[in-house]
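Here is the structure we will look at.
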Amino acid sequence: PFVVDYPSVGMFAMGRFGQYASVFGQYSLLFGASCTFLILLGQLMEDLVCEVPRRAWSGVFALFALVIVIAVPTLKKAKWVAIFAVVTMF
C-alpha cells in the first residue's frame, strides 16, 4: 500500500473509520491552533494599543487570514505570500 499522508495511514490501519478519524484530528488541530494564534495576536495588540479591544484585533487578523486563504487557492500561488512574510520579519 502507498501511504503518503495521515488519512492514508488511517485508512491503512483502521479502514474508512481511521481515515475519517485522522482527517477530523487534523482539521480540529488546525482549527484549534489557528484560534489560539488569533487570540494571542489580539491579546498582544491589546497590550500594545490600549484603545482597541482584544476581540476587535482578533477579528482584524482573522479577516486578514481569510482574505489570504481566498486570494491564494493553491500552494504554487502562495510562494509570493511566503516570500512577503519572510521579508517582513527582517
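FYI, side chains are in, hydrogens and waters are out, and symmetry mates aren't considered; it's all heavy atoms of this structure.
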Find the distance between CZ (Phe61) and CG (Leu44) and round it off to the nearest 0.5 Å. 8.0 Å
Taking every non-hydrogen atom, the tightest pair across Trp57 and Gly42: CB-CA, 3.8 Å
Interatomic distance, CZ@Phe17 vs CE@Met11, rounded to 0.5 Å, equals 13.5 Å
Let me have the donor-acceptor pairs involving side chains of residues 32-39, under 3.5 Å, with sequence neighbours excluded, atom names and distances please.
from: Ser34; atom 1: OG; to: Leu30; atom 2: O; distance (Å): 2.8
from: Thr36; atom 1: OG1; to: Gly32; atom 2: O; distance (Å): 2.8

Is Phe84 isolated, or which residues cluster with it under the ILVMFWY side-chain rule of less than 4.5 Å, directly or via members? none
In one Ile/Leu/Val/Met/Phe/Trp/Tyr side-chain cluster, 4.5 Å: Val23, Tyr20: no
Check whether any side-chain heavy atom of Pro7 lies under 4.5 Å from a side-chain heavy atom of Gln26, and answer yes or no. yes
